[in-house]
Amino acid sequence: DIVMTQSPDSLAVSLGERATINCKSSQSVLYSSNNKNYLAWYQQKPGQPPKVLIYWASARDSGVPDRFSGSGSGTDFTLTISSLQAEDVAVYYCQQYYSTPCTFGQGTKLEIK
Amino acid sequence: EVQLVESGGGLVQPGGCLRLSCAASGFTFSNYWMHWVRQVPGKGLVWVSRINGDGSSTTSADSVKGRFTISRDNAKNTVYLQMNSLRAEDTALYYCATYLRDQGAFDLWGQGTMVTVSS
């Protein structure tokens with residue numbers, strides 16, 4: 001199974017500041033035939049199911065604010081929130097769907113400083 | 001409205017069984033793979049099982065293989081998870097999920113149903 005490791009486990013950022021979450025996979029999730037990274041980012045708020053923010057490592061899902069962006073390729077990926085808003089307080093997960101079983105990172109808890 | 005609604009969770013003793021259901025609406029159910037993902041409260045997400053659109057192909061995590069069975073009834077727009085030989089470590093919130101757009105990431109989730117395995 002591909003192991004997904006996120007860093008940090010928790011993060012406190014001031015409102016309006018940038019938040020950066022990293023995700024590393026134990027093997028590449030880049031599919032060479034279509035040059036797509038099979039990597040997604042989810043946001044989960046208390047009492048709610050996860051919500052997809054980013055897929056193919058950098059494609060923003062419909063309705064997701066443009067302050068959220070994803071980058072990276074191969075084994076190293078980053079989720080960036082350019083200007084933190086109060087409603088962004090949540091746990092963030094990366095997920096690889098390159099191979100079965102799909103696997104998730106352990107989560108990063110994002111709080112307001 | 002496009003949605004998934006899980007049911008069937010509850011308290012069960014170790015070694016017992018439970019069947020979870022996930023009712024889908026608002027989309028052509030038989031066209032899509034369906035998945036179960038579980039989450040221990042306060043912990044991370046763990047994929048459990050999946051089934052293809054016509055039910056001919058299933059895959060499960062090693063941790064549940066031989067104990068859990070995923071199935072679907074496309075006439076009822078429902079996917080099931082039959083859980084046998086339950087263990088304390090199966091205690092979790094169980095979500096069903098799918099991806100309606102061809103991008104592989106789960107873009108539709110239910111609210112989850114809680115399974116507690118305890119004596």
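Computed from a predicted model, the values in this text were never measured in an experiment. In the text below, chain A, chain B and the rest are named by the order of the sequence lines, each starting its count at 1.
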Worksheet item: Got a second to check how far B/His35's NE2 is from A/Cys102's SG, nearest 0.5 Å?
Response: 7.0 Å
Worksheet item: For the residue pair A/Pro49 and B/Gly110, what are the closest heavy atoms and their distance?
Response: CB-O, 3.3 Å
Practice prompt. Considering non-hydrogen atoms only, spot the tightest contact between B/Leu45 and A/Phe104 and give its length.
Written response: O-CD1, 3.4 Å
Worksheet item: So what's closer than 4.5 Å to chain B heavy atoms on A/Gln48: side chain, backbone, both or neither?
Response: backbone
Worksheet item: For the atom pair CG (A/Asp61) and CD (B/Gln103), what is the distance rounded to the nearest 0.5 Å?
Response: 6.0 Å
Response to the item:
Residues B/Asp102 and A/Trp56: closest non-hydrogen pair is O-CZ2, 3.9 Å
Worksheet entry | Distance (rounded to the nearest 0.5 Å) between A/Tyr97 OH and B/Tyr99 OH | 9.5 Å
Worksheet item: When hydrophobic residues are tied together by side-chain contacts of less than 4.5 Å, even through go-betweens, does B/Phe106 share a cluster with B/Leu108?
Response: no
Discussion item. Is A/Pro50 close to chain B through its backbone or its side chain, or both, or neither, when contacts mean heavy atoms under 4.5 Å?
Written reply: both
Worksheet item: Does atom NZ of B/Lys65 have more than 12 heavy-atom neighbours from other groups under 6.0 Å away?
Response: yes
Discussion item. Can you tell me which portion of B/Tyr95 sits under 4.5 Å from chain A's heavy atoms? Options are side chain, backbone, both or neither.
Written reply: side chain
Worksheet item: Taking all atoms of both residues into account, what is the closest heavy-atom pair of A/Tyr55 and B/Arg101, and its distance?
Response: CE2-NH1, 4.4 Å
Worksheet item: Side chain, backbone, both or neither: which part of B/Val48 has a non-hydrogen atom closer than 4.5 Å to chain A?
Response: neither
Discussion item. If hydrophobic clusters are built from ILVMFWY residues whose side chains come within less than 4.5 Å, do A/Val29 and A/Ile54 share one?
Written reply: yes
Fill in: Same apolar cluster (I L V M F W Y, side chains within < 4.5 Å links), A/Val52/A/Trp41
no
Practice prompt. Would you please classify the geometry between the B/Trp109 ring and the A/Tyr42 ring as parallel, tilted or perpendicular, with 30° and 60° separating the classes?
Written response: perpendicular
Item to complete: Answer yes if A/Val89 and A/Leu79 sit in the same cluster of Ile, Leu, Val, Met, Phe, Trp and Tyr residues linked by side chain heavy atoms under 4.5 Å apart, and no otherwise.
Response: yes
Worksheet item: Under a 4.5 Å side-chain heavy-atom rule over Ile, Leu, Val, Met, Phe, Trp and Tyr, are B/Trp47 and B/Tyr94 clustered together?
Response: no
Practice prompt. Return yes when atom NZ of A/Lys45 has more than 12 non-hydrogen atoms of other residues, nucleotides or ligands closer than 6.0 Å, and no otherwise.
Written response: yes
